[in-house]
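The structure under discussion appears below in the form of structure tokens.
In what follows, chains carry the letters A, B, and so on, assigned in the order in which the sequence lines appear, proteins first and then strands, with residues in each chain numbered from 1. Keep in mind that what you see is a predicted model, and the values were worked out from it rather than measured.
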Number of protein chains: 2
Amino acid sequence: MLSPLIQKLGIRSPLSDHDRKALQQVCGRVVSVGAHQDLIEEGDASDHVTFIRSGFACRYRILPDGERAIIAYLVPGDACDLYAPLLGHMDHAVATLTRCDVAVVSRQDFDVLTSDYPAIAGALHVSDLVDEAISREWLVSMGRRSAEKQIAHLLCELLARLQVVGLATSDSYDFPITQADLADASGLSVVHTNRVLQTLRAEGLILLRHKNLSVPDLSRLHAFADFDISYLHLRSSPNRSAPIQLRSGPIRLQ
Amino acid sequence: MLSPLIQKLGIRSPLSDHDRKALQQVCGRVVSVGAHQDLIEEGDASDHVTFIRSGFACRYRILPDGERAIIAYLVPGDACDLYAPLLGHMDHAVATLTRCDVAVVSRQDFDVLTSDYPAIAGALHVSDLVDEAISREWLVSMGRRSAEKQIAHLLCELLARLQVVGLATSDSYDFPITQADLADASGLSVVHTNRVLQTLRAEGLILLRHKNLSVPDLSRLHAFADFDISYLHLRSSPNRSAPIQLRSGPIRLQ
DNA sequence: CGTGTTCTTGAGAATCCTCAATGAAGGTGG
DNA sequence: CCACCTTCATTGAGGATTCTCAAGAACACG
């Protein structure tokens, strides 16, 4: 089974077998972490690079009044602290939401990897740029979409991101995120999050039972949520429908 | 007078005189653009790199119902589309908010610059990471801060960012952003934005007159807005108070 | 079969929105 | 310099959304 990281990078950037092997080797040390555990704390000047191998995690900050703001969801294949040393310290924390397997790579090994394999460095950079695009989309959702559309949009995004790493079918995925975690990511209260989910269910837009989410009519959910997948940059250009050719070569997509 | 771009990069990453000269040379072509003009449209596969030289701009998206969401403010020294080719197309647009001078660099010249001057490439990367941190902070504000604190926080952020490029005193700056632009960046209505500003004025937290913002008691505003400047990464570490030494050398800050 | 977490519901209150209108500021042409 | 026009800021009022508090139900786990 291909690691989710390699799957994710390979979709957006061409990687050679050589690159894949190097990645697989470096990410050998996998640690299992229970739910609701900090992987990285605010202020850390992390000397490791951490990747989510399985499970869900999040970036978050705690405010003075004790409120928690979740800034991003991390799914298998996502990096936690790729560029932390460039900024000197973490300005937010990372915690698991469920039990997770995480790959921990020493910063030294990682630096060797990226300088020996520029295609990997490039693919990781692209992947970080997509994370930025996701942040922007969350800002759009929080600022200008109704609570219902915001949550629906988030569910669409997770479907697409999990499909990339082979953890979702065409219309469903395991959804272990609690309503409290969803609330902190949406800026809503838990109570309202609950009511929003009920509305989406009542409208027949989603089926959510036993920690599994399935979408009866994906195009209807997309239309409702105003979900345009292009911000995830799964293709090199919105106008080009053919997938990127998989070959080793330059980092640039076009 | 040093260009705002060079000022900004130099604060977070060591640049040699050599680097500075190269930057100055490449950013020679400056274009003047009126207020409320698109600099980059959504979907563009830009073949230029654009930097704000003077004036205010923003990243934004228009939703199907016509609403505008502002995702980021751009101030002098900020890049508009640094890594656009890596993602293939712009997933959002960039527009001026006021009259702006922008430096337009051909993608070709830019690529030559970054490969000839790795310190510049590194500094730009760090700068982009800070933009990410700013996005995250906006998410925190939108999700879990009151409208008053959110706007106050934004005003604190702008003060700090403008100080970096020499466009603010210790407690004031020119503030040409309209309440409509502030509303679209905060996810509030124009009416409520107006009332929030009035509250901040009534509390004596800000003075806003004739497009000029000044802060009578900065630490009070910081405390009110829960503003912790460390996310702007103006120092290499929150525990180290000495500024970064200015010398040419490796990209990494520590 | 208890115990803690998560989900759900009700009700009243705070926040924020929309609509609609007025006032103030700035720019332009005569 | 004034009349006019456009943009921006402000105000009032009623309503929608979302919140908090509080409690009970369902579920998961040992």
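With hydrogens and angles disregarded, no donor-acceptor distance shorter than 3.5 Å links the side chain of B:His153 to the backbone of B:Phe227. The closest donor-acceptor contact from the side chain of A:Asn212 to the backbone of A:Arg209 lies at 3.5 Å or more, if one exists at all. Without hydrogens or angle criteria, A:Glu148 side chain to A:Leu200 main chain gives no donor-acceptor distance under 3.5 Å. When atom types are taken as modelled, the side chain of A:Asp128 and the backbone of A:Leu82 share no donor-acceptor pair closer than 3.5 angstrom. Between the B:Asp217 side chain and the B:Arg220 main chain, a donor and an acceptor come within less than 3.5 Å of each other. Side-chain atoms of A:Thr96 come within 3.5 Å of backbone N or O of A:Gln37 as a donor-acceptor pair. Judged by distance alone, the side chain of B:Asp65 and the main-chain N or O of B:Glu67 form a donor-acceptor pair under 3.5 Å. Proximity of a side-chain donor or acceptor of B:Arg12 to a complementary backbone N or O of B:Leu232 within less than 3.5 Å is detected. A donor-acceptor pair under 3.5 Å is absent between the side-chain atoms of A:Arg68 and the main chain of A:Tyr60, judged by distance alone. Side chain of B:Arg161 to main chain of B:Tyr73: a donor-acceptor pair is present (N/O by atom type, distance under 3.5 Å, no hydrogens or angles).
Taking each heavy atom of B:Ser186 and B:Ile151 in turn, the nearest pair found is OG-CD1, 3.8 Å. Of all the heavy atoms in B:Ser127 and B:Lys8, the pair that sits closest is OG-NZ, 3.0 Å. Nearest heavy atom pair, residue B:Ile177 against residue B:Leu158, reads CD1-CD1, 4.1 Å. Taking both residues in full, the closest heavy atoms of B:Leu159 and B:Thr169 are given as CD1-O, 3.8 Å, listed atom of the first, atom of the second, then distance.
Side chains of B:Phe51 and B:Val30 form no contact here, defined as non-hydrogen atoms less than 4.5 Å apart.
Mapping B:Thr193 and A:Val190 onto DNA chain C by nearest heavy atom places A:Val190 closer to the 5' end of the strand. Taking the nucleotide of DNA chain D with the nearest heavy atom to each of B:Leu197 and A:Val196, the more 5' of the two is matched to B:Leu197.
Within the nucleic acid shown, A:Leu188 comes within 4.0 Å of sugar-phosphate atoms alone, with no base atom in reach, counting heavy atoms only. Using a 4.0 Å heavy-atom criterion, one finds that A:Arg144 contacts no nucleic acid atom at all. Residue-level contact check: B:Arg209 touches neither bases nor backbone, having no heavy atom under 4.0 Å from any strand.
DNA chain D is contacted by no residue of residues 171-184 of chain A, taking any non-hydrogen atom closer than 4.0 Å.
Between the CD1 atom of B:Ile151 and the P atom of D:dA9 there is a distance of 12 Å, rounded to whole Å. The distance from atom NZ of A:Lys149 to atom P of D:dT17 is 12 Å, rounded to the nearest whole Å. The interatomic distance linking B:Leu213 (CG) with D:dA9 (P) rounds to 13 Å, in whole Å.
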Its contact letters, B for base, S for sugar-phosphate only and - for none at protein heavy atoms under 4.0 Å, make nucleotides 24-30 of chain D read -------

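For the helix from C:dC1-D:dG30 to C:dG30-D:dC1, the axis fitted to the five pairs at one end and the axis fitted to the five pairs at the other end meet at an angle of 50° (nearest 10 degrees).
With a cutoff of under 4.0 Å to any heavy atom of chain A, the contacted region of DNA chain C is bounded 5' to 3' by C:dT6 to C:dA11.
Considering only residues two or more places apart in sequence or on other chains, B:Arg59 meets the salt bridge (Lys or Arg N to Asp or Glu O under 4.0 Å) condition with none of them.
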So which protein N/O to nucleotides 11-14 of chain D N/O distances come out below 3.5 Å?
residue: D:dT11; atom: OP2; partner: B:Gln198; partner atom: OE1; Å: 2.4
residue: D:dT11; atom: OP2; partner: B:Gln198; partner atom: NE2; Å: 2.8
residue: D:dG12; atom: N7; partner: B:Arg195; partner atom: NH2; Å: 2.5

